[in-house]
Chemist: 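Okay, handing you the structure first.
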Amino acid sequence: MTLRLVPVADGSPAADLLDGLNDPQRQAASHTEGPLLIIAGAGSGKTRVLTYRIAYLLRQGVHPSHILALTFTNKAAKEMRERIAHLVGDHVARGIIAGTFHSVFARLLRRHAELLGYTSSFTVYDSDDQLAAIKAVMTTLGVSQQAQSPTAIRSRISGAKNAMTSWMEYGRNASNVNERITAQVFEQYEKRLLHANAMDFDDLILNMIALLRNNPDVLASFHERFRYIHVDEYQDTNRAQYLAVQLLAKGHRNICVVGDDAQSIYRWRGAEIQNILDFGRDYPDATTVRLEQNYRSTKTIIKAAESVIKNNTKQLKKELWTDNAAGDKITVLACRDDRDEADQVVRTLKSRLNEHGLTWRDVAILYRTNAQSQPLEDALRRSNTPYHIVSGVSFYKRKEVKDALAYLRVLVNPADAESILRIINEPARGIGNTSLEKLQAFATATNRILYDVLKNAHEVPGLQTRTLVSVRDFVNIFEMYRDAVNELTPASLAQAFLEATGLLDHYRNQKTDDARDRLANIDRILTHISEVQEADDELTLLHYLEQVALISDQDDPELGNNRIALMTVHASKGLEFPLVVIAGMEQGLFPLVKPESSVDEEDEERRLFYVAITRARQHLVISYAGQRMRFGEVGFSRPSKFLAEIDTDCLSASAKVPAAAGRSVSLPPPRPRRPEPPRESYSQIPVETDNRWSVGMRVKHPMFGVGRIIALSGIGSSAKAQVEFANGQRKQLMLAFARLEAL
DNA sequence: ACTAGGGCAGCCAGG
DNA sequence: CTGCCCTAGT
């Protein structure tokens, strides 16, 4: 069909679109039929090729709904969509299916949930919910949580699922006590989730496979629908994702996968690097295109990265090169301890920013583990440097936020037992453990969902009258708003409903700063719902909750602010910065080693270091400390062996490094530690350095409307404003959260 | 039913 | 060190 959806204003044929690409890029973008493997080195324009390819398809007349693009992060999906919109227009870009495996599959599964024994309003369980379910199952089975760590069981279950192993098979293969117990928990866990009408992250993939395998008509309709399939970061797919893609691609065989085996850093969560290495075997007629020209970094940085990665043997052949300038040498900072490291890093940054005319947002500090952010944050705060933490402890993991969301989840899916257990006594209603156990036991015995038992609590033997009243009140909250789900918009529903739960009053009544913060966080959720609703007027509460469940890195609404970014190396994948600091380059920390670490694991750490280096465009600073606080104790460490692998030509003379692992390093003498100044409790909240607010100023709040600031208090991230709104209502708002707009 | 306080594991990374 | 879980005491 030749339906032309995109008006081409200047009458140029589709090929003109690709004029700005280099040869391999153009080849990849225009090779639309049949299997295609794109091996894309860091900074080689991978996203550019993918977006141009999709735009090219659209220009060729392919209907947007026939294009599927699967990514690993929401960030990547969002960026791709935006760039496609830029090329072909917002309206057309909206029509393509682009998102993470999990979010795309969740949406598709909703439509066919009944075929799998779920209802279309199933809940998605995150890893905390998983853990709660596992603990509950362990309690029921009488498995001690001391003898068996619930998190270890969770990771075994998840590992099994990623490898497509059922609980039955897992049980058959169990070779020791731990695995046998895990098998038992696994079985009950699966039953519990199905009963709760809930899927965990892994289920989203597995159930998609089951759906496609067991329903030929559904498979056929998906084949009809998804004619051009794209998978980003293919080296990160696990067995289940690989199979799902295979099934989907069987229809038209227009499967385009993009990846870089050198950047495979998710082996620990089941990624099989073999998937990309074997693509040619899976599709013997596949075309392979290598993107080896790097447009991002200086020659020095590329040379350093290549000199490190060549120590890994199992890599696809590929050599990164660049036409960019040679650039500055890499600076290495040898530091006494973690605190000294933080100070030196901040000092170095300040002078570099000055020297090169860079600004805060041009800088990222990367580290191996989240725990390393603490001393860095302290130093940045002491020097009044604006920073933010990218995907640290997520906003959505906070207790009050989880509680508020759990209420909404139960409203949408009453079968969600984990959420009920979370909130039934939050705020305290006098429904304690004893009563809960009776209720749960009754639910199990009668094979009913917990919510139904709560609704008919009078049938449960042995409950006190007072408890019965509490349970009835609890159930009434949901019953009262049951119909409102279809009548009110998600924003006003959530506002009224959460008010009815008593959760807001619970925090209002405590006059502590902590309670105020928690209230502000719930307020932020409500604001967020109305914002999402504004962008998407068909938003349902169900859909909102799904989106929230599937984001872990909150899509930083404030990334536009001018601040230094702090994040783990993992979180930095796909990003780039003019100046990058890699902190904590010490043996044991990076590479992070456990007693039983294998060569494969060291290779993965090296790839991780490769990812870190290649985030830098112009300037790279690497630091290590001779001693570091770990688990509250001072530990001694030597420079990372990876440092010694960097070609010495790339290092600045003053760094006279080679700090090679194994050799002793001279360090400044240790200094007694002074107590740290108290940490802000919410460190990832942006530190406001400007004085945008003043008493008397007219402001607008997305929920409460227009008002006037009548008082200001607190500093930095805990700064608050008291605002009187047009309706006379007064509110304490956390400036860092409240999205106030100056008028 | 709830709370305080001690004991102990965790700090490897994410959808 | 921090945060969670468990226990004992009210």
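Both backbone and side-chain heavy atoms feed into the values below; hydrogens, waters and symmetry mates do not. Small disclaimer: the values here were computed from a predicted structure and weren't measured. Labels below follow one simple rule: chain letters A, B, ... track the order of the sequence lines, proteins then strands, and each chain is numbered from 1.
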Chemist: Roughly, in whole Å, what's the span from NZ in A:Lys573 to P in B:dC12?
Modeler: 20 Å
Chemist: Between A:Asn425 and B:dC2, is there a side-chain N or O to OP1/OP2 distance below 4.0 Å?
Modeler: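 Checking A:Asn425 against B:dC2: at least one side-chain N or O falls below 4.0 Å of OP1 or OP2.
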Chemist: Between the side chains of A:Lys402 and A:Asp128, is the shortest nitrogen-to-carboxylate-oxygen separation below 4.0 Å, so that they form an ion pair?
Modeler: yes
Chemist: Reading DNA chain B from 5' onward, which residue's closest nucleotide shows up sooner: A:Thr434 or A:Arg630?
Modeler: A:Thr434
Chemist: Pair A:Arg422, A:Asp129 - check salt bridge (Lys or Arg N to Asp or Glu O under 4.0 Å), show working.
Modeler: CA-CA 9 Å; A:Arg422 182 175 180 96; A:Asp129 303 319; 5.9 Å; no
Chemist: Name the residue from A:Lys573, A:Arg269, A:Arg607, A:Arg267 that meets the salt bridge (Lys or Arg N to Asp or Glu O under 4.0 Å) definition with A:Asp236.
Modeler: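 Exactly one pass, corresponding to A:Lys573.
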Chemist: Check DNA chain B against residues 96-109 of chain A and give the residues with a non-hydrogen atom under 4.0 Å, in numerical order.
Modeler: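 Under 4.0 Å from DNA chain B: A:Thr100, A:His102.
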Chemist: Give the nucleotide from the list B:dC12, B:dC11, B:dA1 with an atom nearest to the side chain of A:Leu592.
Modeler: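 Of the options given, the side chain of A:Leu592 lies nearest B:dC12.
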Chemist: Tell me whether A:Lys46 is salt-bridged to A:Asp232, with the criterion being a basic N under 4.0 Å from an acidic carboxylate O.
Modeler: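 Counted as a salt bridge, because a side-chain N and a carboxylate O are separated by less than 4.0 Å.
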Chemist: Among the candidates B:dA1, B:dA13, B:dC12, find the nucleotide nearest to the side-chain atoms of A:Arg368.
Modeler: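 Nearest nucleotide to the side chain: B:dC12.
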Chemist: In this structure, how many angstroms lie between the P atom of B:dA13 and the CZ atom of A:Phe590, rounded?
Modeler: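 Rounded to whole Å, this separation is 12 Å.
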Chemist: When the C1' atoms of C:dC5 and B:dC12 are compared, how many Å lie between them, rounded to an integer?
Modeler: 23 Å
Chemist: In whole angstrom, give the distance that lies between atom OH of A:Tyr266 and atom P of B:dC12.
Modeler: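 Spelled out: OH on A:Tyr266 to P on B:dC12 is 16 Å.
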Chemist: Output yes if the stacking criterion (under 5.5 Å between centres, under 30° between planes) is met for A:Trp268 over the base of B:dA13, else no.
Modeler: yes
Chemist: It should be established whether A:Asn370 places a side-chain nitrogen or oxygen under 4.0 Å from OP1 or OP2 of nucleotide B:dA13.
Modeler: yes
Chemist: When you measure from the side chain of A:Arg269, which nucleotide among B:dC12, B:dG14, B:dC11 comes out closest?
Modeler: B:dG14
Chemist: OP1 or OP2 of B:dA9 sitting under 4.0 Å from any side-chain N/O of A:Ser149?
Modeler: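 Answer no for this pair, as no side-chain N or O of A:Ser149 is under 4.0 Å from OP1 or OP2.
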Chemist: Count the heavy atoms of every other residue, nucleotide or ligand shown that sit under 6.0 Å from CZ of A:Arg110, and state whether that count exceeds 12.
Modeler: yes
Chemist: Mind listing the closest non-hydrogen atom pair of A:Arg409 and A:Val124 along with its distance?
Modeler: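 Reported closest heavy-atom pair: NH1-O, 3.7 Å.
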Chemist: Figure out the CG/P separation between A:Asp126 and B:dG14, and round it to whole Å.
Modeler: 14 Å
Chemist: Could I get a table of every N or O pair under 3.5 Å where one atom is in the protein and the other is in nucleotides 4-10 of chain C?
Modeler:
from  : atom 1 : to       : atom 2 : distance (Å)
C:dC5 : OP1    : A:Lys135 : NZ     : 2.2

Chemist: Should the pair A:His102 and A:Phe201 be assigned to parallel (<30°), tilted (30 to 60°) or perpendicular (>60°) ring geometry?
Modeler: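 Rings of A:His102 and A:Phe201: perpendicular, as their planes differ by over 60°.
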Chemist: Do the side chains of A:Asp403 and A:Lys399 get close enough for a salt bridge, i.e. N-O under 4.0 angstrom?
Modeler: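 Between A:Lys399 and A:Asp403 there is a salt bridge, with a charged N closer than 4.0 Å to a carboxylate O.
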Chemist: Would you call A:Glu190 and A:Lys161 a salt bridge, taking side-chain N to carboxylate O under 4.0 Å as the test?
Modeler: yes
Chemist: What is the separation between atom CZ on A:Arg429 and atom P on B:dC2, rounded to the nearest whole Å?
Modeler: 11 Å
